[in-house]
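Heads up: the structure comes next, in structure tokens.
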Amino acid sequence: MLNPKSDRSNYGMLLHAPDGYRLRNAICTTYSMDLETLMASVIALSLNEETDSELRHPLNDLHAIRSVADKLIVFCEAGQIVAPTHSSTLLTLLENMVVEVALKKVGTQKYYPSFHPKTWIILYDNDEGDIWGRFIVMSRNLTTDRSWDVSVMIEGKSSNKKEEKNLPLVDFVSFLQTFVKDHKDRNERILKDIKKYISSLEFKVDDPFSGYDIIPMGYKNSAKMTEKDLWLKEPSELLIVSPFLDKETIAHWNSWNNTQMKLVTRVTELDSIRDCHENMEVYTLRTEIVEGERNIPEIVDSDDKSILREDIHSKMYFWHKGEDKRLYVGSMNASHRGLNVNCEMMLALYYSDRGTVSLNKLWTEMANTDKKDSPFELVDWDLLIDDEKEVDEREQLAQDIKTLCRCSLVANVLNNGGEYDVKILSEDTIPTNITIASMLAPNNKQNLNKETTIKGLKELELSEFYIVTAHGNTQNVSKLIRISTTPMPENRKEMILTNYLDKPEKFIRYIGLVLAGNDSYNQSCQLNAILNTNQTKGGVTTQAPALYEQLLKASVYNPEQINEIAEIVAQIKSGDIITKEFRDMFAMFYDKEGVRHGNK
């Protein structure tokens, strides 16, 4: 289960729909994210393909985004979207999916609480009307980070009875709902649908577990880990895996004199617990793994020559007292902020095999202690060099961006004779060291004040995503934030679409992708090959019968495909891209009343 060589999960496959099902609605929560990883997740959700699949083509990306455009919400910590190194207008189609969460300080807190849960709540449905639900709890953010993380997935079918164990998840979704400010109709419809069904999902856990508890933390009436057995009751065995620590928290567990304890963390955290570890065996990842997995041939193919820096990022706790054995997995670090301040999500799994599971057996599986290639090494405290941490200017700059994200920001678009000016307004005091630029025009930077204007943007440079940079004396920190920006030009969506569907051949290829649905990539290629053979300038040719046949099948068995094509046809006005010949053919299957269904 926890062997790093054999038990690795593929993130994309965790999102794939079960056989016979399709995506209905989904929520993702994450602390940090980047838009490319979100795009990869969209591919996995919509096309059931690997995130690095050969399907990663702009037309397929466009199809994937449109397929989940009204089915996915991603909640992330405000100010923690990675600023892209290069941008694409396709990424602007992700705008409506993203909701930034900015938690407020409580009392005399120095730092803002973090929105830190890493979860997926996914509903799938099938042609029979059955609902299948999946809950994924992990320590992984929605980024390309290579660190070692852990995930747990539980899933099950919707029933007619309420599952009491799922009520904390319903409350969690209600908490998320309070942060929805824009696109309310879309977002509240998704959240309402998920809340309706998750309370009745019969989640199943696999061996060696027999039960679970869902433990959201960090908001009103949510659970407190400091009131749970993991914190209150001294066990006989305890395993702590956490990348970030503080002295206060580790000292509490270290005070248990009758507990066999192991702690896995990062080298950078060791200095903080130098005086409170005597009752623990403390481990870190081996240096050669942190500097690059390519040095461990048992873990990664030795032909891989790339250096992949990484470290522990898992948050996991094994607690054993008498007959009671539990594994806690999720987002909570072993720190005061993790236990008491941040919004977190943990899943407690109860072992069914109470007689054989032990800390030593779990550790043997994790660490391969009987092999020379164990990824972990025991800390030799005598060799540890005193590390006086310098105050990192980046920490203060990150706080400046978090402060900005808690300001009330709106952006107004002004048409200035073919170019556009964007006026950004705030009623709050803004940190004085920040510049801002549209994600699609990163070099057009302006100092951000209570009233700031970005001038001379082209239509395809408009976006609700903005790059903000906090400038320090020696360092800068850049992040992506989302600002409600209105009114966007009425033809903006058409401009984005025609940026990719700029020729009849590309439009027909895109129609082929839509009609291929969730079939295999080979079938999609075959269909596209048929539709593209011997094309004329008009884009519909002697192969029109093949296209007609596919449209006819879709009108009977997959009317949602006809609806998707109809949206594209309505948005693209150009006769040079969508010809009269195609529009006349499509009118046989769709008119102002909707899909004109064929007969089965």
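Sequential numbering from 1 along the given sequence is applied to the chain's residues.
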Using only heavy-atom distances, determine whether the side chains of [X] and [Y] contain a donor-acceptor pair under 3.5 Å.
{"X": "Asn476", "Y": "Thr469", "answer": "no"}
{"X": "Ser358", "Y": "His320", "answer": "no"}
{"X": "Thr143", "Y": "Thr37", "answer": "no"}

- Item | Arg406 to Tyr112 six-membered ring, cation-pi geometry met (6.0 Å, 45°) | yes
Do [X] and [Y] have side chains that get closer than 4.5 Å, going by heavy atoms?
{"X": "His116", "Y": "Asn333", "result": "yes"}
{"X": "Ile65", "Y": "Met97", "result": "yes"}
{"X": "Leu270", "Y": "Thr284", "result": "yes"}
{"X": "Asn187", "Y": "Phe179", "result": "no"}
{"X": "Leu90", "Y": "Tyr500", "result": "yes"}
{"X": "Leu404", "Y": "Leu448", "result": "yes"}
{"X": "Phe115", "Y": "Gln80", "result": "no"}
{"X": "Leu230", "Y": "Leu238", "result": "yes"}

- Message: Could you walk me through whether Tyr317 and Trp253 satisfy the side chain to side chain donor-acceptor pair (under 3.5 Å) test, starting with their C-alpha distance in whole Å, then the side-chain angles of each, then the deciding distance to 0.1 Å, before giving a yes or no?
- Response: CA-CA 12 Å; Tyr317 307 82; Trp253 281 316; over 6 Å; no
Steps toward side chain to side chain donor-acceptor pair (under 3.5 Å) verdict (His313, Asp149): CA-CA 5 Å; His313 193 252; Asp149 282 289; 2.6 Å; yes
Taking all heavy atoms of [X] and all of [Y], pick out the closest pair and write down the distance.
{"X": "Met39", "Y": "Ala64", "answer": "CE-CB, 4.3 Å"}
{"X": "Leu480", "Y": "Pro84", "answer": "CD1-CD, 3.9 Å"}
{"X": "Ala470", "Y": "Asp400", "answer": "CB-CB, 4.4 Å"}
{"X": "Leu327", "Y": "Met316", "answer": "CD1-CG, 3.7 Å"}
{"X": "Ser147", "Y": "Asp311", "answer": "CB-O, 2.9 Å"}
{"X": "Leu201", "Y": "Gly156", "answer": "CD2-O, 3.7 Å"}

What's the spacing between [X] [atom1] and [Y] [atom2] if we round to 0.5 Å?
{"X": "Ser335", "Y": "Ile250", "atom1": "OG", "atom2": "CD1", "answer": "9.0 Å"}
{"X": "Met261", "Y": "Trp256", "atom1": "CE", "atom2": "CH2", "answer": "7.5 Å"}
{"X": "Leu23", "Y": "Ser46", "atom1": "CG", "atom2": "OG", "answer": "8.0 Å"}
{"X": "Leu347", "Y": "Met153", "atom1": "CG", "atom2": "CE", "answer": "12.5 Å"}
{"X": "Asn141", "Y": "Cys76", "atom1": "CG", "atom2": "SG", "answer": "10.0 Å"}
{"X": "Met346", "Y": "Leu339", "atom1": "CE", "atom2": "CG", "answer": "9.0 Å"}

Over 12 foreign heavy atoms within 6.0 Å of NZ, Lys233:
no
Exercise for the section: May I ask you to check whether over 12 heavy atoms, not counting those of Asp380, lie within 6.0 Å of atom CG? Expected result: yes
| task | Just do the side chain to side chain donor-acceptor pair (under 3.5 Å) check on Ser331 and Glu344 with the steps written out, would you? | result | CA-CA 6 Å; Ser331 64; Glu344 309 279 1; 2.6 Å; yes
Taking [X] for its side chain and [Y] for its backbone only, find out whether a donor-acceptor pair lies under 3.5 Å.
{"X": "His63", "Y": "Leu59", "result": "no"}
{"X": "Gln260", "Y": "Ser236", "result": "no"}
{"X": "Thr249", "Y": "Asp246", "result": "no"}
{"X": "Ser242", "Y": "Leu245", "result": "no"}
{"X": "Ser463", "Y": "Phe465", "result": "yes"}
{"X": "Asn254", "Y": "Asn279", "result": "yes"}
{"X": "Arg134", "Y": "His16", "result": "yes"}
{"X": "Asp34", "Y": "Glu36", "result": "yes"}
{"X": "Lys165", "Y": "Tyr212", "result": "yes"}
{"X": "Ser272", "Y": "Lys247", "result": "no"}

Are [X] and [Y] within salt-bridge range, i.e. N to O under 4.0 Å?
{"X": "Lys402", "Y": "Glu77", "value": "yes"}
{"X": "Asp271", "Y": "Arg274", "value": "yes"}
{"X": "Asp229", "Y": "Arg326", "value": "yes"}
{"X": "Glu464", "Y": "Arg482", "value": "yes"}
{"X": "Arg286", "Y": "Glu377", "value": "no"}

Worksheet item: Looking at Tyr31 versus Phe75, is the centre-to-centre ring distance below 6.0 Å?
Response: no
Less than 6.0 Å separating the ring centroids of Trp363 and Tyr283?
-> yes
Practice task
Go through the steps to decide whether Ile136 and Lys118 satisfy the test side chain to side chain contact (heavy atoms under 4.5 Å, CB included), and finish with yes or no.
Solution key: CA-CA 8 Å; Ile136 306 170; Lys118 299 99 164 59; over 6 Å; no
Chi angles and distances behind the side chain to side chain contact (heavy atoms under 4.5 Å, CB included) call for Glu237, Val357
CA-CA 11 Å; Glu237 297 179 328; Val357 178; over 6 Å; no
| said: Would you call the rings of Trp148 and Phe376 parallel, tilted or perpendicular, taking 30° and 60° as the class edges? | reply: perpendicular
Which of Val137, Ile215, Asp213 passes side chain to side chain contact (heavy atoms under 4.5 Å, CB included) with Tyr328? Answer is Ile215
Side chain to side chain contact (heavy atoms under 4.5 Å, CB included) test vs Pro117 passes for just one of Met217, Met138, Met345, namely Met345
Can Tyr350 and Phe209 be said to form a ring-ring contact (aromatic ring centres under 6.0 Å, His included), step by step? CA-CA 5 Å; Tyr350 295 85; Phe209 303 108; 9.3 Å; no
What do the steps show when you test Ile467 against Ile436 for side chain to side chain contact (heavy atoms under 4.5 Å, CB included), and what is the final call?
CA-CA 6 Å; Ile467 298 173; Ile436 190 166; over 6 Å; no
* side chain to side chain contact (heavy atoms under 4.5 Å, CB included) between Arg140 and Thr30, worked out -> CA-CA 8 Å; Arg140 169 74 85 186; Thr30 180; over 6 Å; no
